[in-house]
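Below is one structure, written out as structure tokens; the observations come after it.
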2 protein chains.
Amino acid sequence: MKIDSRHLEIIAAIVDNGGLTEGAEALGKSQPSVSRTVAMLEARIGARLFEKNRRPLQPTDLCQALAVEGRKVLAANQTASALVKRYVDGKSGVVRVGGTPFFMDGVISGMIAEFQRAYPEIRIEQSYAYAADLSRQLNSNALDVAICPMDPGALPETLEFSALLDGRNVIACSPTHPLAGKPSLRLSEIAPYPWIAPPVESPLYQDLRSILAGIGMTDFKVSFSGGTLASILNILTRSDALTVLPYSVVFMLRRQQALAALPIRINHPERSLGQMWNPLQNDRPSVRRFRRFIDAEFSNLRTTIMKHEQNTLWRR
Amino acid sequence: MKIDSRHLEIIAAIVDNGGLTEGAEALGKSQPSVSRTVAMLEARIGARLFEKNRRPLQPTDLCQALAVEGRKVLAANQTASALVKRYVDGKSGVVRVGGTPFFMDGVISGMIAEFQRAYPEIRIEQSYAYAADLSRQLNSNALDVAICPMDPGALPETLEFSALLDGRNVIACSPTHPLAGKPSLRLSEIAPYPWIAPPVESPLYQDLRSILAGIGMTDFKVSFSGGTLASILNILTRSDALTVLPYSVVFMLRRQQALAALPIRINHPERSLGQMWNPLQNDRPSVRRFRRFIDAEFSNLRTTIMKHEQNTLWRR
DNA sequence: GAGATTATATACCTTCGAGTTATGAAGATA
DNA sequence: TATCTTCATAACTCGAAGGTATATAATCTC
């Protein structure tokens with residue numbers, strides 16, 4: 001004797017609200033509808049659910065027992081509705097975000113921390129990759145958002161890109177480095193120092209090559225490679241090595257006094273740091289919320305950078 | 001965002017059975033039906049429940065969470081189905097049984113005990129009344145079964161009656177009574193003794209009147225009245241009082257050596273002990289089972305009485 | 001106890017979801 | 001790449017649940 005769960009809900013509603021009319025109202029249905037459903041159910045199971053000819057409808061023992069189960073169904077249903085509501089409101093779910101390592105570690109991870117403070121039920125699945133890989137992953141739906149530097153001209157046509165920051169890189173070193181703090185610098189002055197090499201797929205690596213090509217160095221001394229931002233910071237602060245990092249990373253670390261940027265302009269192709277996504281695949285509410293959040297955070301960051309640079313100029 | 005409980009069940013079934021096809025089978029539905037329901041649900045809530053283009057269907061996080069609720073719904077449903085099944089099988093429910101006091105106490109209560117050993121989930125609501133009242137209660141659906149003496153000619157036409165035992169009453173006394181054990185007795189010999197009077201509505205009372213009228217006694221000494229069987233037994237065994245009781249009650253108490261029946265035939269109208277019920281109101285499975293049980297018990301009792309009487313005759 | 005009031009049941013119709021079979025499409029597997 | 005499995009779609013039927021309007025029956029009230 002299979003019972004329809006909705007019937008259990010109806011029974012519970014009637015019993016708990018003290019009458020057919022009230023039960024119907026609680027369920028958002030009309031009284032006749034509920035009445036007929038009950039009648040049908042009684043006919044099917046061949047048993048009364050409510051005492052005959054009693055005006056404040058009086059549940060039978062069987063009905064009471066079924067109402068207990070009905071309450072469980074109603075409760076589960078409410079929980080499920082809440083789950084779905086949170087999901088469609090973008091307050092729960094998963095966001096798969098990938099990006100270039102140093103930028104993720106130096107800038108985005110802090111923002112993710114803020115995001116998760118606001119939306120603790122959204123899980124972030126972070127991964128590292130460079131632009132080409134990220135594009136592939138977006139296209140194959142292995143990723144929801146990519147955050148990386150991108151030449152707008154080189155954007156794959158299936159993807160969309162929204163710029164967040166200027167994508168320029170700088171030469172970074174320890175604040176205690178002999179070159180640090182100099183108001184101006186000639187390129188040739190950097191020649192003696194060893195380098196921490198970014199990964200070869202990284203735009204940072206390309207920028208490093210172009211810098212060194214600019215001063216005629218085809219060969220350069222690599223003292224360290226393969227590390228993530230945390231390793232590089234440790235090594236930079238304890239050595240005279242130089243490296244190339246996104247300006248925003250250096251900026252974010254300004255409070256820790258861990259890095260300095262050398263006043264040398266690096267020429268590189270037009271390039272923005274931004275988020276990239278696949279417009280074809282209808283993104284989840286959580287993803288939409290994440291993207292909006294990142295936009296807002298970078299909006300703040302841009303004004304902070306602007307103010308900071310104005311102050312710096314002023315003081316000079 | 002209201003969710004249909006059946007959808008939760010479907011989700012749970014798919015997740016727990018590792019696939020849409022298996023889930024459909026577990027639910028006893030066709031695969032396309034389940035597939036379409038899932039598609040419809042996904043469209044309604046605007047979220048994927050299963051990863052796109054994955055062949056062993058892979059539930060999303062939201063889906064997993066909903067499956068948890070779905071399992072609760074399924075469990076409640078199973079419980080409810082079992083409840084209903086037990087009910088329609090007549091293994092749970094209520095039986096409202098009424099009857100004449102001495103017969104209920106002396107005979108039926110023992111059978112009810114047996115019945116409840118076999119069907120512990122059936123609740124018995126017992127009450128006491130006499131034939132006229134019992135008929136009324138049956139007609140007004142305040143009672144499921146009445147067990148009482150009845151002249152088949154006097155049966156209300158709306159009710160049905162099934163005879164269980166000969167309804168004769170006997171004069172009962174203590175086994176230590178001066179008259180007990182005498183092989184034969186003249187009516188006049190009982191004149192000196194006091195009487196325990198049954199309730200005036202009782203057929204027992206009528207029989208008592210007719211006995212005394214037969215020996216010309218219009219006045220008789222009532223030493224006790226108003227008690228139930230238990231009181232009467234206590235008083236009988238400690239006095240020389242006489243009373244009128246159904247033969248079956250005396251028979252059932254034979255083992256306790258608490259009663260003796262005097263060998264005096266009481267004339268009374270044709271009358272059977274039996275059960276009475278209202279055929280118009282479709283009785284519950286539990287009631288049907290109870291009636292059948294009582295029938296069977298009395299069938300046994302009749303043969304026991306018959307054997308006992310043959311033995312008694314033999315021994316004389 | 002008659003009428004008023006309220007609650008439940010019925011009638012009648014509409015609509016929508018869920019069921020079916022048959023078939024197509026797309027991963028997974030070898 | 002061919003084949004197998006699994007899921008999705010198509011096209012249709014059917015029944016249950018929805019609604020409004022209204023009848024009927026219990027209970028309340030005086």
Return the value, rounded to whole Å, for the distance between atom CD1 of Ile3(B) and atom P of dG17(C). 14 Å
Value for CD1 (Ile147(B)) from OG1 (Thr100(B)), rounded to nearest 0.5 Å, stands at 9.0 Å
Between dA26(C) (C1') and Leu20(B) (CG): distance, integer Å: 14 Å
Taking OP1 and OP2 of dG19(C), is either one under 4.0 Å from a side-chain nitrogen or oxygen of Ser30(B)? no
Between His7(A) and dA17(D), is there a contact of a side-chain N or O with OP1 or OP2 at under 4.0 Å? yes
Base, sugar-phosphate alone, or nothing: which one does Arg6(B) contact when heavy atoms must sit under 4.0 Å apart? sugar-phosphate
Hey, which of these two, Glu22(B) or Arg44(A), hits DNA chain D nearer its 5' end, going by closest nucleotide? Glu22(B)
For Glu22(B), does the CD atom have more than 12 heavy-atom neighbours from other residues, nucleotides or ligands under 6.0 Å away? yes
For atom CD of Glu25(B), is the number of surrounding heavy atoms from other residues, nucleotides or ligands below 6.0 Å larger than 12? no
Between Thr37(B) and Pro32(B), which is nearer to the 5' end of DNA chain C once each is assigned its nearest nucleotide? Thr37(B)
Rounded to the Å, how far apart are Gln58(A) CD and dA7(C) C1'? 14 Å
Is it the case that dA7(C) (base atoms only) and Gln31(A) (side chain only) share a donor and an acceptor within less than 3.5 Å, ignoring hydrogens and angles? no
Audit row: Asp105(A), Tyr128(A), side chain to side chain donor-acceptor pair (under 3.5 Å) steps and yes/no: CA-CA 10 Å; Asp105(A) 284 353; Tyr128(A) 299 105; 2.6 Å; yes
Assess whether one donor atom and one acceptor atom, taken from the side chain of Arg36(B) and the base of dA18(C), lie less than 3.5 Å apart. yes
Scan Thr21(B) against the nucleic acid and name what it touches under 4.0 Å (heavy atoms): base, sugar-phosphate only, or nothing. sugar-phosphate
Starting at atom NZ of Lys29(A), determine the distance to atom P of dT20(D), rounded to an integer number of angstrom. 14 Å
Taking atom C1' of dA8(D) as reference, at what distance in whole Å does atom CE of Met40(B) sit? 14 Å
Determine whether the side chains of Asn141(B) and Glu51(A) contain a donor N or O and an acceptor N or O closer than 3.5 Å. no
Length of the line joining Glu51(B):CD and dC7(D):P, which is rounded to integer Å: 14 Å
Value in whole Å for how far the P atom of dA16(D) lies from NZ of Lys2(A): 15 Å
Taken to the nearest whole Å, CD1/Ile14(A) to C1'/dA9(C) is 13 Å
